[in-house]
Every structure is written in C-alpha cells, then in structure tokens.
Amino acid sequence: MFARGRPVRARPRSHGGSLELSDRTGTLLTMEQKQDLYTQRLEKLARIREAGEEPFKYSYPRTHTVEQAYKEYARADGADTSVKLAGRLFALRYHGKSVFGDLCDDSGKIQLFFGLNELGGERFEFLSKLVNIGDFLGVTGNMFTTRTNQVTVKVHDFSLLTKSLRPLPEKWHGLKDVEIRLRQRYLDLLSNESVREIFRKRSHVIRSIREFLDARGYIEVETPMLQPIPGGATARPFVTHHNALDRDLYLRIAPELYLKRLLVGGFEKVYEINRNFRNEGLSQRHNPEFTMLELYHAYVDYESIMELVEQMVNHMVVELTGGHRLVYQGSEINLEPPWPRVAFFDAVREFAGVDIEAVHGADRAHEAVSHLKLELDESAGYGKICDELLKTYVVPKLIAPTFIVDHPAELSPLAKRKRGNQRLTERFQPYIGGLEMGNAFSELNDPQEQRARFEEQMKLRERGDEEAQTLDEDYVTALEYGMPPAAGLGIGVDRLVMLLTDSASIKDVILFPQLRTLADAGTGE
RNA sequence: GGGUGGGUAGCUCAGGUGGUAGAGCAUCGGCCUUUUAAGCCGGUGGUCGAGGGUUCGAGUCCCUCCCCACUCACCA
C-alpha cells in the first residue's frame with residue numbers, strides 16, 4: 001500500500017516540479033492514483049486562480065461558531081438570524097439548481113443550503129465545478145428550518161478559504177486503517193469524532209489535575225529533561241550528546257531527584273506534569289515518551305498521599321461523568337473513596353498462593369515459585385521475583401481501585417523503610433482496571449542510607465543490570481544539607497486518561513505515539 | 001524474537017475447490033431547487049504488500065521477505 005523503496009523523486013512527471021515536493025512528505029497514494037485525484041484538484045486550483053479568487057485566504061470574519069449559531073437560532077424563535085460561519089465541507093448533495101452541504105467546525109456540524117436564486121449563476125457554477133468535499137468555506141447566510149425539520153443556513157455568499165488537494169477518507173465508515181490513523185493522526189481526528197473527544201477529555205483531565213493541586217497549595221515547577229545522571233526510576237535511558245559541553249546527556253526517566261532537591265531548597269508542595277523517556281519496548285501500556293505527574297509534599301507520609309490520590313482521581317471522574325462510576329473495558333468501576341489498602345505480601349499470598357514473605361533470599365524464593373509458570377531469569381533477585389508474582393497473579397485482578405502497599409525494600413531504593421518492619425518500605429501503588437496507575441512512597445531522606453542503597457544498585461549495574469540506578473553524588477549532597485520528611489507520588493497521566501476514556505491502548509490517548517519509522521520499514525536495502 | 005490474524009481502487013470492504021479483478025463512498029460527465037449514507041444514468045481510477053516458484057493460466061497454491069494489529073517475551 002505504501003510506495004516504499006520506489007525511486008519516487010526520479011520518476012518523470014508531466015506536471016512539473018511542484019508535485020515532486022509533496023512526495024517527500026510520504027504519500028499514501030500510488031503514483032497513478034495521485035496523478036489522477038491529486039492533479040484533478042491541482043487543475044481546479046489553477047482554474048480558481050484564473051477566476052481571480054485566492055484559494056488560500058488569510059482570515060474570515062465569522063460571527064458564530066456552529067454551536068453558537070444553533071443557540072442563537074433557537075433563542076431568536078423564528079426571527080431572522082444571519083450568521084457568518086467557517087469550517088470544512090464534509091458533504092455535498094447536488095440537486096440541479098440547489099446544493100446541500102455539511103459544514104463542520106470545532107464545535108459541531110451544520111447543514112448549508114446553496115440555491116441558484118440566492119447565489120447567482122456565477123457563484124453557483126463556481127461551487128458546482130470548483131469546490132470539493134474537504135475544502136474550507138466561509139459562508140454568509142440566514143438560518144431556516146427545512147421541511148424535514150433540519151436547521152440549515154441558507155447561503156447568500158461564500159468564500160473558499162482553503163482548497164483541499166487530497167480526498168478525505170470515506171464519510172460513512174470513517175478511517176479504520178490503524179496505521180494511517182496513527183501516522184496521519186490529522187485524518188483520524190477529522191474523520192472520527194470519538195477520537196477528537198478523547199483528546200478533548202485528555203486536555204480536561206490535565207487541566208483539572210492542575211486545578212486540584214493548585215487549590216491545595218502546590219506550585220508547578222519544571223526540572224531538567226536533559227540530565228547528566230538519569231535517576232529516580234528503574235529504567236534504561238535514551239542517550240544524547242551536548243556538543244558545546246562535549247558530554248553525553250540523558251533524557252530523563254523521572255524528575256524525582258530534582259523535585260526532592262526543591263524540598264531541600266525550602267518548597268513544601270511541588271508538582272510537575274511533563275514527559276519522561278524510557279528506552280524500552282512498546283506495548284498497549286507503554287510508549288517510550290509518556291506524561292507523568294510527580295508531586296512532593298513536605299511533613300507528610302505516604303498515608304496522606306494515598307488520600308490525595310483517591311480524592312484526586314475521584315474528582316476527575318466526577319468532573320467527567322458527574323458521578324463516581326465509570327466503565328472500563330466492560331467492567332463497571334466505582335472510584336468513590338476510600339479505596340482498599342492491601343499489603344503487597346498479602347496480595348501475593350491471596351492471588352498467587354505463595355507466602356513469599358516467609359521466604360528469605362533469592363535461592364529460596366526461586367524454589368518457592370518453581371511450581372508456578374513464571375518465566376524468571378536465573379539471575380532474578382528476591383525483589384524481582386516478588387515483582388513478577390505481583391504483576392502476573394495480582395495486577396490483572398485489581399479492577400476495582402486498590403492500593404497495594406508496603407513493598408519489599410529491594411524494589412524501592414528511594415523509599416523509606418516501614419516503621420516496625422525493616423524488610424518493607426512505606427510505598428504504595430494505585431491499581432484501577434488492571435492498570436498500574438502510579439507509584440508513591442515516604443521519601444528516603446537519610447543521606448547515609450540513601451548512599452548505601454545507591455551502592456547496592458551500582459553492584460547490580462556492575463553485574464549487567466542496565467536498569468539499576470546510578471549513584472547521584474550531587475543528590476546525596478543535597479540530602480546531607482537536610483530534606484524535610486516528605487512523601488511523593490508519580491501518576492502515569494496517559495494511563496489515567498486511558499481509564500477515563502475507556503481506551504484499551506496507550507496509543508489511543510497519545511496524539512502521535514511512537515511508531516516504527518517508515519525509513520526503517522523499507523526492504524532492508 | 002515466538003504465536004495468531006491481516007495487507008485487493010483515495011476510503012470501507014467482497015472476491016467457494018486456480019480461469020480476463022468487483023461493490024459502496026469519493027472523483028469526473030449528464031438529469032434533478034428541501035436533500036441529509038439524496039436519487040437516477042454514464043465514465044475514470046488496481047504491479048491484488050514485494051520478489052521468486054508450480055501451472056497452459058495465480059488475488060487464489062508453495063517458498064522467501066516487508067509492513068500492521070493482537071498476543072507472549074522484554075518493560076513501571
């Protein structure tokens with residue numbers, strides 16, 4: 001379907017150089033089709049210019065959006081309502097000496113009526129011969145109701161605002177080809193209203209996170225995306241290079257260590273909503289760049305953050321649905337606080353049937369799970385085995401919102417140990433709809449212990465674990481100046497949006513998700 | 001990387017056991033001044049993902065490769 005690997009630019013063409021430029025953007029049409037539909041439009045373009053009309057206008061003084069026009073017409077209650085609207089034509093229905101059209105703007109769709117009597121012969125001919133579905137139009141007219149009771153604009157005059165040179169996807173079935181939907185998201189957006197709705201909701205969700213936190217006295221900050229030492233999470237980073245400094249830098253895997261430096265600096269409630277980058281595989285739940293909310297609050301522990309999370313998520317659901325419930329992938333979910341707290345080891349015991357808490361050391365842990373169908377690397381440590389048990393047996397069951405709390409210390413090098421149980425940390429993860437929504441803990445602020453935990457990670461790294469964390473001296477120094485007791489939280493915003501829009505894949509909630517590049521997808525030449 | 005399904009017109013899709021590639025929409029021409037997936041008549045448009053093989057003959061069967069989705073592995 002793609003004209004990959006073809007010597008596109010070298011192919012001789014009858015219509016001159018202007019066509020060749022467009023090929024570099026990667027056409028989805030075969031050359032033959034393009035010659036046809038595309039050059040038809042180019043010919044119209046030339047005829048429009050010959051007729052003295054500019055096919056790419058600069059502005060249009062519209063008086064109403066489509067939505068406003070409907071409202072004003074309803075308010076006018078039969079009185080004359082004249083409007084100037086602008087939008088894209090999505091349909092044209094010809095009837096000899098009249099034409100019906102559908103005009104869409106960001107607010108909705110409205111029917112247009114073009115009559116020969118109102119427009120005059122010249123403009124009517126222009127419309128019939130030179131305007132296509134897909135073109136942007138500005139129209140002046142007054143509103144009326146057809147005999148089939150359809151509110152319509154009777155057009156007295158129109159202006160071609162932008163000539164469209166390529167045909168739109170089919171109107172009835174919409175655009176379904178997943179690859180085109182993702183690679184040419186603009187086509188997906190303009191032909192699938194439900195997709196536009198998802199991204200409106202995404203915008204709404206992020207706005208209400210800000211409102212929620214701002215109202216509670218948090219300040220929003222921005223910390224480096226380019227970091228000399230990638231810290232704050234267990235993940236492989238992307239590497240880049242700064243020429244003037246002649247050094248490698250890493251795209252951040254988390255803002256955590258910088259945000260906690262701000263606690264040292266005296267801020268007490270901070271948050272950041274921004275992109276993280278992790279050099280990992282793609283899946284329904286993973287995109288290499290994803291949006292993370294992180295926040296830190298001084299003088300509280302993880303219990304307070306748990307309350308914040310259930311309040312915040314419930315707040316979003318109320319904003320979007322008006323209630324506490326939503327449906328995610330066929331399951332009804334009630335987000336009303338409080339959500340159950342289940343200890344990590346209890347959850348594993350209940351769902352995997354393994355009392356991993358009673359087991360000590362990696363070797364014993366391997367024995368304890370040998371009867372289960374876990375595909376574990378021999379080098380997996382105790383923490384890794386625990387994590388695998390949770391992911392495999394517990395997480396898929398956590399449809400109703402649940403906090404898994406008090407993770408084994410091996411899994412959490414930046415978290416404080418639990419009071420009364422040194423094997424655990426004061427950490428929690430919210431799960432909803434089987435999705436891991438985030439991670440939070442009482443923050444480790446003892447610089448000596450932090451250094452020791454980093455050193456354990458460095459040992460893992462030396463043994464070949466590329467995800468193990470790196471010792472950040474500057475961060476430890478900051479802790480030595482004193483960081484107040486605090487708790488912090490990370491929430492995967494994309495996954496939250498998946499939940500709130502009933503989306504099965506993270507690609508559905510990211511406008512331009514990472515895809516294999518077409519250059520790499522060639523025939524391997 | 002493994003498994004499953006898929007790739008046919010600009011878009012959405014049909015094409016039993018091999019026999020000259022189809023429909024709807026879009027597009028172009030004709031008719032039609034209240035239609036709304038408008039209708040009617042006619043036309044343009046295809047390297048059937050790519051290459052090789054079997055065959056008198058391949059969209060269809062065989063082989064290799066490319067791409068997409070799902071899934072497993074990897075992975076907060």
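Labels below follow one simple rule: chain letters A, B, ... track the order of the sequence lines, proteins then strands, and each chain is numbered from 1.
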Chemist: Now, which nucleotide makes the Watson-Crick or G-U wobble pair with B:U20, with each of the two distances under 3.5 Å?
Modeler: none
Chemist: According to the Watson-Crick and G-U wobble definitions, with both distances under 3.5 Å, which nucleotide is paired to B:U35?
Modeler: none
Chemist: When you look at A:F113 and A:F100, which way does the ring-ring contact (aromatic ring centres under 6.0 Å, His included) test go after all the steps?
Modeler: CA-CA 5 Å; A:F113 176 85; A:F100 286 93; 5.1 Å; yes
Chemist: Would you state whether a donor and an acceptor, one from the side chain of A:S98 and one from the base of B:U34, lie under 3.5 Å apart?
Modeler: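 Absent.
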Chemist: Looking at every strand, decide which applies to A:E170 at a 4.0 Å heavy-atom threshold: base, sugar-phosphate, or nothing.
Modeler: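 Base contact - A:E170 has a heavy atom under 4.0 Å of at least one base atom.
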Chemist: With A:R123 as the cation and A:F158 as the aromatic partner, state whether NZ or CZ is under 6.0 Å from the six-membered ring centre and within 45° of the axis.
Modeler: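 Here A:R123 passes the 6.0 Å and 45° test against A:F158.
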Chemist: Using a distance-only criterion (donor-acceptor N/O pair, under 3.5 Å, no hydrogens), is the base of B:C32 paired with the side chain of A:H95?
Modeler: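 Under the 3.5 Å cut-off, the side chain and the base do not form any donor-acceptor pair.
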Chemist: Quick one: A:K507 NZ to B:U71 C1', roughly how many Å, whole number?
Modeler: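 Between C1' of B:U71 and NZ of A:K507: 13 Å.
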Chemist: Using a 4.0 Å heavy-atom cut-off across all strands, classify A:A235 as base, sugar-phosphate, or nothing.
Modeler: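 A:A235: backbone/sugar contact only, no base atoms under 4.0 Å.
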Chemist: Whole Å only: how far is the NZ atom of A:K129 from the C1' atom of B:G29?
Modeler: 8 Å
Chemist: Is there a donor on the side chain of A:N117 or the base of B:U33 sitting less than 3.5 Å from an acceptor on the other?
Modeler: yes
Chemist: State whether the distance check finds a donor on one side and an acceptor on the other, under 3.5 Å, for side chain A:Q111 versus base B:U35.
Modeler: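 Per atom types, the contact qualifies.
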Chemist: To the nearest Å, give me how far apart CG (A:D177) and C1' (B:G7) are.
Modeler: 9 Å
Chemist: Round to a whole Å and report the spacing from CG of A:L103 to P of B:U35.
Modeler: 21 Å
Chemist: Do A:R147 side-chain and B:U34 base share a donor-acceptor contact under 3.5 Å?
Modeler: no
Chemist: Rounding to a whole Å, what distance do you find between A:I253:CD1 and B:C75:P?
Modeler: 14 Å
Chemist: Can the positive tip of A:K154 be found less than 6.0 Å from the middle of the six-membered ring of A:F144, inside 45° of the ring normal?
Modeler: yes
Chemist: Tell me the partner of B:G42, counting only Watson-Crick (N1-N3 plus N6-O4 or O6-N4) or G-U wobble (N1-O2 and O6-N3) with both under 3.5 Å; none if nothing fits.
Modeler: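 Checking every strand shown, B:G42 finds its partner in B:C28, with both distances under 3.5 Å.
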Chemist: For atom P, what is the distance between B:G15 and B:G6, given to the nearest Å?
Modeler: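 Result for the P pair: 12 Å, nearest Å.
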Chemist: Give the rounded distance in Å between these two atoms: NE2 of A:H286 and C1' of B:C74.
Modeler: 10 Å
Chemist: Given that A:F113 and A:S283 both sit by RNA chain B, which one's nearest nucleotide is further toward the 5' end?
Modeler: A:F113
Chemist: Between B:C11, B:C32, B:C74, which nucleotide gets closest to the side-chain atoms of A:L175?
Modeler: B:C11
Chemist: Is there a donor and acceptor pair closer than 3.5 Å between the side chain of A:Q40 and the base of B:U27?
Modeler: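 Between B:U27 and A:Q40, which were checked side chain against base, a qualifying N/O pair under 3.5 Å is absent.
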Chemist: What's the gap between B:A23 and B:A14 when it is taken at their P atoms, as a whole Å value?
Modeler: 16 Å
Chemist: Here's a test of your reading of the structure: between A:G232 and A:S505, which maps to the more 5' nucleotide of RNA chain B?
Modeler: A:S505
Chemist: Expressed as a whole number of Å, how far does the P atom of B:U64 sit from that of B:G22?
Modeler: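 About 32 Å, rounded to a whole number of Å.
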Chemist: A:L435 has an atom CG; how far is it from atom C1' of B:C75, in whole Å?
Modeler: 15 Å
Chemist: Among B:U34, B:C32, B:C28, find the nucleotide with the atom closest to the side chain of A:N132.
Modeler: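 The closest nucleotide is B:C28.
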